[in-house]
Asker: 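Pasting a structure below so you can have a look.
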Amino acid sequence: MTQAVDGTFGHVSMSANKYYLSTTANRQNGNLDVDRLQLDLYDVTVTSLTARSAEANRASGTLVLSYQDLSDLLTRLAGNGGRLQASAAPGSDGQAARIKVAGTAGGTALNTTGTVLAQGDELTLTVPGAERATANWRVSLPENVGFTEARATKDGVEIGLVGHLVPLGASRFSR
């Protein structure tokens, strides 16, 4: 209660499950499904009640893309030719998570290692040997927040994000 009256919060946690990101340049059915997003905000100060805005000194979180959702996406992007299956692959490095992609695309057998690259506010999926080898998504992150790492885990691709001096609320959309 004291935090609410004072307009400051030491820690605020937010999460979202099962939503999708629409595409900026991808054809229809190129939506990227997100399994879950966890965002932690630290040292949050309400800057204006009337403008419904606040600022977090620091933000960190994780966005997770499941292999099932990535498999469905790869199959949709490939169009005809069968099902593509995504799974963990060794060798994730920094902001690039490596995934194994296997199946049939355009009548051709595909067994390759692809990459989910997370930089700034963009995610890029690259699959060598596929007819449509690259797809991009811009993620609407709060200002001053960006992707910092991507790694393949047993459950899916985990993408880390971090931000400092993060404006929140109505002011977020005024840029």
Side-chain angles (χ1 to χ4, degrees), residues 13-42 56 58-79 81-103 105-106 110-168 172-173 175:
S13 183
M14 299 185 298
S15 63
N17 295 316
K18 301 293 182 188
Y19 66 96
Y20 69 92
L21 303 171
S22 61
T23 61
T24 53
N26 293 323
R27 65 180 179 217
Q28 188 176 11
N29 294 325
N31 293 331
L32 178 63
D33 293 318
V34 174
D35 188 52
R36 65 189 176 274
L37 168 69
Q38 174 65 41
L39 186 62
D40 291 297
L41 306 169
Y42 300 94
R58 183 171 58 91
S60 63
T62 306
L63 183 139
V64 178
L65 308 172
S66 74
Y67 292 120
Q68 179 63 51
D69 290 339
L70 284 170
S71 297
D72 293 345
L73 170 69
L74 288 165
T75 300
R76 285 192 318 268
L77 290 176
R83 175 114 178 111
L84 292 174
Q85 187 67 41
S87 59
S92 292
D93 183 32
Q95 293 176 295
R98 297 182 47 93
I99 59 171
K100 180 175 174 54
V101 179
L110 190 64
N111 188 6
T112 188
T113 301
T115 303
V116 176
L117 181 64
Q119 288 186 312
D121 65 350
E122 286 191 2
L123 298 175
T124 302
L125 173 64
T126 304
V127 180
E131 183 178 318
R132 186 151 182 255
T134 303
N136 299 299
W137 294 266
R138 176 151 291 164
V139 182
S140 182
L141 296 172
E143 190 175 338
N144 300 333
V145 173
F147 297 124
T148 57
E149 66 179 335
R151 62 190 178 98
T153 69
K154 66 179 180 69
D155 297 322
V157 174
E158 289 187 1
I159 299 166
L161 48 109
V162 171
H164 297 282
L165 301 176
V166 180
L168 307 164
R172 150 78 175 99
F173 298 103
R175 53 180 174 145

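We count residues from 1, following the sequence as given.
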Asker: For a 4.5 angstrom cut-off between non-hydrogen side-chain atoms, does Asp33 reach Leu73?
Answerer: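 The answer is no, as the side chains (C-beta and beyond) never meet within the 4.5 Å cut-off.
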Asker: Please name all residues satisfying salt bridge (Lys or Arg N to Asp or Glu O under 4.0 Å) with Asp69, sequence neighbours left out, ordered by chain then number.
Answerer: none
Asker: Closest approach of Gly120 and Leu141, non-hydrogen atoms and distance?
Answerer: O-CD1, 3.9 Å
Asker: According to the salt bridge (charged side-chain N to carboxylate O under 4.0 Å, His left out) rule, which pairs have a member within residues 86-97, sequence neighbours left out?
Answerer: none
Asker: Residues in side-chain hydrogen bond (donor to acceptor under 3.5 Å, both in side chains) with Asn17, at least two apart?
Answerer: none
Asker: Assess whether side chain to side chain contact (heavy atoms under 4.5 Å, CB included) is satisfied between Leu37 and Thr62, documenting all intermediate values.
Answerer: CA-CA 6 Å; Leu37 168 69; Thr62 306; over 6 Å; no
Asker: Compare every heavy atom of Ala150 with every heavy atom of Ser92, then report the nearest pair and how far apart it is.
Answerer: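 Smallest heavy-atom distance, with atoms named: CB-O, 4.1 Å.
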Asker: Nearest 0.5 Å, what's the CG-OG distance between Leu161 and Ser60?
Answerer: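 Between Leu161 CG and Ser60 OG, I get 7.5 Å after rounding to 0.5 Å.
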Asker: Which side chain to side chain donor-acceptor pair (under 3.5 Å) pairs, counting each pair once, include a residue from residues 151-160, with sequence neighbours left out?
Answerer: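 The answer is Arg151-Glu158.
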Asker: Using a 4.5 Å cut-off on heavy atoms from C-beta on, say whether the side chain of Asp121 contacts that of Ser140.
Answerer: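 No, too far: nothing below the 4.5 Å cut-off.
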Asker: List in chain and number order the residues that pass salt bridge (Lys or Arg N to Asp or Glu O under 4.0 Å) with Lys18, two or more places apart in sequence or in another chain; answer none if no residue qualifies.
Answerer: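 Once residues adjacent in sequence are excluded, the partners of Lys18 under the salt bridge (Lys or Arg N to Asp or Glu O under 4.0 Å) criterion are Asp35.
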Asker: If I take atom OG1 from residue Thr148 and atom CD1 from residue Ile159, how far apart are they, to the nearest 0.5 angstrom?
Answerer: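 Going from the OG1 atom of Thr148 to the CD1 atom of Ile159 covers 10.0 Å.
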Asker: Which residues pass the side-chain hydrogen bond (donor to acceptor under 3.5 Å, both in side chains) test with Gln119, not counting sequence neighbours?
Answerer: none
Asker: Show the nearest heavy-atom pair for residues Asn144 and Val166, with the distance to one decimal.
Answerer: O-CG2, 4.5 Å
Asker: Taking it one step at a time, do Val157 and Leu70 satisfy side chain to side chain contact (heavy atoms under 4.5 Å, CB included)?
Answerer: CA-CA 9 Å; Val157 174; Leu70 284 170; 3.8 Å; yes
Asker: Measuring from atom OG of Ser87 to atom CD1 of Ile99, what distance do you get when rounded to the nearest 0.5 angstrom?
Answerer: 8.0 Å
Asker: If you round to the nearest 0.5 Å, how far is CD of Gln95 from OG1 of Thr115?
Answerer: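 Going from the OG1 atom of Thr115 to the CD atom of Gln95 covers 13.0 Å.
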Asker: For Ala59 and Leu39, work out which heavy atoms get closest and say how close.
Answerer: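 The pair with the smallest heavy-atom distance is CB-CD1, 4.4 Å.
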Asker: Which residues pass the side-chain hydrogen bond (donor to acceptor under 3.5 Å, both in side chains) test with Thr126, not counting sequence neighbours?
Answerer: none
Asker: For Thr124, give me all partners under side-chain hydrogen bond (donor to acceptor under 3.5 Å, both in side chains), at least two apart in sequence or on another chain.
Answerer: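 For Thr124 the side-chain hydrogen bond (donor to acceptor under 3.5 Å, both in side chains) partners, ignoring immediate neighbours, are Asn136.
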Asker: Holding to ring-ring contact (aromatic ring centres under 6.0 Å, His included), I want the full list of residues that pass it with Tyr42, two or more places apart in sequence or in another chain.
Answerer: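 Here the qualifying residues are His11.
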Asker: Between Ala152 and Ala97, which heavy-atom pair has the shortest distance, and what is it?
Answerer: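 Looks like N-CB, 3.8 Å.
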Asker: Which pair of non-hydrogen atoms, one from Pro142 and one from Pro167, has the smallest distance, and what is that distance?
Answerer: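 Where Pro142 meets Pro167 most closely, the heavy atoms are CB-O, 4.3 Å.
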Asker: Show, in sequence, the C-alpha distance, side-chain angles and deciding distance for Asn31 and Trp137, and conclude whether the side chain to side chain contact (heavy atoms under 4.5 Å, CB included) test is met.
Answerer: CA-CA 8 Å; Asn31 293 331; Trp137 294 266; 5.7 Å; no
Asker: Who are the salt bridge (Lys or Arg N to Asp or Glu O under 4.0 Å) partners of Glu149, not counting sequence neighbours?
Answerer: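 Scan of Glu149 (salt bridge (Lys or Arg N to Asp or Glu O under 4.0 Å), adjacent residues dropped) gives none.
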Asker: Among all residues two or more places apart in sequence or in another chain, which pass the salt bridge (Lys or Arg N to Asp or Glu O under 4.0 Å) test with Arg83?
Answerer: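 Arg83 satisfies salt bridge (Lys or Arg N to Asp or Glu O under 4.0 Å) with Asp72 once adjacent residues are dropped.
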Asker: Considering residues at least two apart in sequence or located in another chain, which fulfil the side-chain contact (heavy atoms from CB on, under 4.5 Å) criterion with Ala102?
Answerer: Asn111
Asker: When rounded to the nearest 0.5 angstrom, what is the spacing between CG in Leu63 and CZ in Phe147?
Answerer: 5.5 Å
Asker: Under a 4.5 Å cut-off applied to non-hydrogen side-chain atoms, are Leu168 and Leu41 in contact?
Answerer: yes
Asker: Are the side chains of Leu110 and Val101 in touch, meaning some heavy atoms are under 4.5 Å apart?
Answerer: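 Side-chain contact under 4.5 Å: yes.
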Asker: Using the rule given for side-chain hydrogen bond (donor to acceptor under 3.5 Å, both in side chains), can you reason through Ser13 versus Gln38, listing the C-alpha separation, both sets of side-chain angles and the distance that settles it, and then say yes or no?
Answerer: CA-CA 7 Å; Ser13 183; Gln38 174 65 41; 2.6 Å; yes
Asker: Starting at CG of Leu123, measure out to CG of Leu125 and round the result to the nearest 0.5 Å.
Answerer: 9.5 Å
